[in-house]
Amino acid sequence: MSRPDRRATSPGAAEAPRRPLGARGYGICLAGIVWREVLRFVQQKERFLSALVRPLVWLFIFAAGFRSALGVSIIPPYDTYVLYEVYVTPGLAVMIQLFNGMQSSLSMVYDREVGSMRVLLTSPFPRWWLLFSKLIAGVAVSLAQVYAFLAVAFLWGVEIPPAGYVLALPAFIITGFMLGAIGLVISSLVRQLENFASVMNFVIFPMFFASSALYPLWRVRDASEALYLVCLANPFTHAVEFARFALYGQFEPLSCAIVVGTTLVFFTLAVIAYDPGRGVMGLRGGPRGDAP
Amino acid sequence: MEEPQGVPALDVAGVSHSFGRRRALDDVSFQVPRGRFVALLGPNGAGKTTLFSLVTRLYACRSGAVRIFGQDVSRAPSAALGELGVVFQSRTLDLDLTVRQNLIYHAALHGLAGAASAVRITGLLALVGLQERANDKVRTLSGGQARRVEIARALVHRPRLLLLDEATVGLDLASRRAIVALVRDLVREEGLAVLWATHIFDEVTATDEVHVLHRGRIIAAGTAADLAGEGASLEAAFRALTERDEGEAA
């Protein structure tokens with residue numbers, strides 16, 4: 001091991017206290033966390049492919065198969081009858097975000113198991129900022145997947161008004177935050193990576209199927225009033241409707257309010273959960289669950 | 001705010017910590033002076049990692065206080081953690097990123113980027129002898145090389161206090177010696193304060209200040225030479241101390 005230029009290696013500032021973290025520092029921290037997440041995503045090509053294949057299987061096979069059986073009448077935001085694949089496209093786009101949110105959660109659990117979570121949590125920036133940066137990173141990755149899917153759907157004949165692609169962007173961003181925040185809370189509760197399979201059974205599938213992603217709520221109500229109420233209480237339903245209306249140039253205020261509210265609630269819970277003094281991390285004895 | 005002279009790099013004052021009913025640390029107090037190498041000697045399960053987790057705020061400090069250059073870790077975590085570089089016992093590098101990318105990520109977590117940061121990272125990789133592996137994935141490195149990357153990473157943000165928790169465990173003798181020498185150079189030449197947790201006696205020299213942690217308590221402190229006594233080895237002294245402590249507990 002050599003002795004290079006002292007100025008580059010010196011711990012430095014040996015006697016000077018550190019200056020407080022400025023706005024630029026917060027920005028660099030955020031950019032660094034997003035950069036790492038994007039880098040990992042780009043390196044995991046199979047993750048991108050599987051994120052695309054999943055909704056495309058629904059679109060190409062399921063929707064085609066059920067086109068005749070599940071015709072959709074004229075309901076807002078549509079002003080004509082639409083084909084079933086047109087109806088399910090917004091729900092499938094949000095499904096990508098749901099899986100991505102849970103994937104981010106999975107990567108938090110993985111980071112905790114391999115120890116790299118410690119590096120994140122010993123950063124001098126506040127925990128809420130670190131978690132917020134993680135959320136933005138997850139949203140950035142999910143948007144790339146959503147728009148790639150919408151491009152393929154367009155080629156498949158699912159035509160959305162051109163302005164809708166732009167108008168839906170804020171809806172996808174807010175929805176990404178909501179699903180990412182739910183994922184953060186889940187990651188704080190899941191102790192081991194092996195337990196994560198249960199997240200599929202108890203979170204992803206119920207959220208997706210008990211929503212308006214695959215069938216309009218009036219049809220659900222025809223079948224079961226109780227299931228209709230469950231769907232109505234499911235924030236994923238409102239995320240789908242928020243995105244669906246936005247894609248057709250309309251704003252759905254109730255859905256927007258529910259998605260924003262759910263985001264705030266779950267983000268607050270995540271900040272508490274990751275607080276060493278108050279949350280699950282504190283009770284459990286640290287980010288790796290080291291407590292015997 | 002002016003920092004008072006004479007404030008130690010690390011001040012652990014009356015720290016206790018329990019996991020449920022099991023007491024992992026019991027009223028632990030010691031200091032690491034500025035620019036000094038201090039060894040925390042204890043067997044596995046003594047509470048070293050718990051102590052490190054409290055100092056780094058991975059656990060909340062509910063009893064006692066931890067101060068880094070006078071900044072309380074619980075009350076002013078940003079100021080305290082900014083002064084701190086840590087090498088954890090378990091490996092914490094991102095295996096899928098390159099060596100340089102790991103350091104860039106760490107720099108960003110401390111609000112550092114740009115040309116100055118890049119120069120610093122290049123310099124640190126030269127310091128640990130890994131400049132030629134800078135663009136290799138961490139997963140391709142040996143255990144000793146990965147440890148050196150972790151030391152370089154811990155120095156990226158120019159901390160004044162470095163904590164190393166069993167940093168040489170699992171390494172071959174040559175790698176162990178290289179890492180100990182590197183850290184001692186940093187203390188001697190750069191004025192870094194170091195808390196070196198270990199259970200390996202030959203990593204401690206006669207003049208090092210040593211705190212012996214056993215069953216969650218500091219049972220002895222002093223220079224290694226003082227603890228060992230005339231003609232005895234540190235290992236023999238340590239064994240006598242811990243056996244006596246176990247006898248008293250029984």
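Throughout, a chain's letter reflects where its sequence line sits, starting with A, and its residues are numbered from 1. Reckoned from all heavy atoms, side chains included, excluding hydrogens, waters and symmetry mates.
Two residues are said to be in side-chain contact when any heavy atoms from C-beta on lie closer than 4.5 Å; A/Arg118 and B/Thr56 fail this criterion. Contact check for B/His106 versus A/Ser123: no side-chain heavy atoms found under the 4.5 Å cut-off. Counting only heavy atoms from C-beta outward, the side chains of B/Arg57 and A/Thr122 never approach each other to under 4.5 Å.
Taking non-hydrogen atoms and a 4.5 Å limit, the residue list of residues 145-152 of chain A in contact with chain B is empty. Contacts with chain A (heavy atom to heavy atom, under 4.5 Å) involve these residues of residues 136-143 of chain B, listed by number: B/Lys137.
Looking only at heavy-atom pairs under 4.5 Å with chain A, the residue among B/Leu81, B/Leu109, B/Asp96 that has the most is B/Leu109. Most heavy-atom pairs under 4.5 Å with chain B, from the set A/Gly27, A/Ala31, A/Gly32: that is A/Gly32.
The heavy-atom pair separating B/Gly82 from A/Pro124 by the smallest distance is N-CB, 3.9 Å. Between B/Leu97 and A/Arg40, the closest heavy-atom pair is CD2-CG, 4.4 Å. Between B/His110 and A/Phe125 the shortest heavy-atom distance is C-CE1, 3.7 Å.
Contact annotation for B/Arg91: only backbone heavy atoms (N, CA, C, O) come within less than 4.5 Å of a heavy atom of chain A. For A/Ile33, the parts lying under 4.5 angstrom from a heavy atom of chain B are both the backbone and the side chain. For a residue to count as touching a neighbouring chain, one of its non-hydrogen atoms must lie under 4.5 Å from one of that chain's; by this rule A/Leu30 does not touch chain B. At a 4.5 Å heavy-atom cutoff, the contact between B/Phe88 and chain A is made by side-chain atoms alone.
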Trace of the side chain to side chain contact (heavy atoms under 4.5 Å, CB included) decision for B/Arg153 with A/Val119: CA-CA 10 Å; B/Arg153 185 183 62 181; A/Val119 177; 3.5 Å; yes
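Residue A/Arg24 qualifies as open at atom CZ: its count of foreign heavy atoms under 6.0 Å is 12 or below.
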Less than 3.5 Å apart, which donor and acceptor atoms pair up between the side chains of residues 111-118 of chain B and the rest of the protein, not counting sequence neighbours?
none

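In this structure B/Ala108 satisfies the side chain to side chain contact (heavy atoms under 4.5 Å, CB included) test together with A/Ile28, sequence neighbours excluded.
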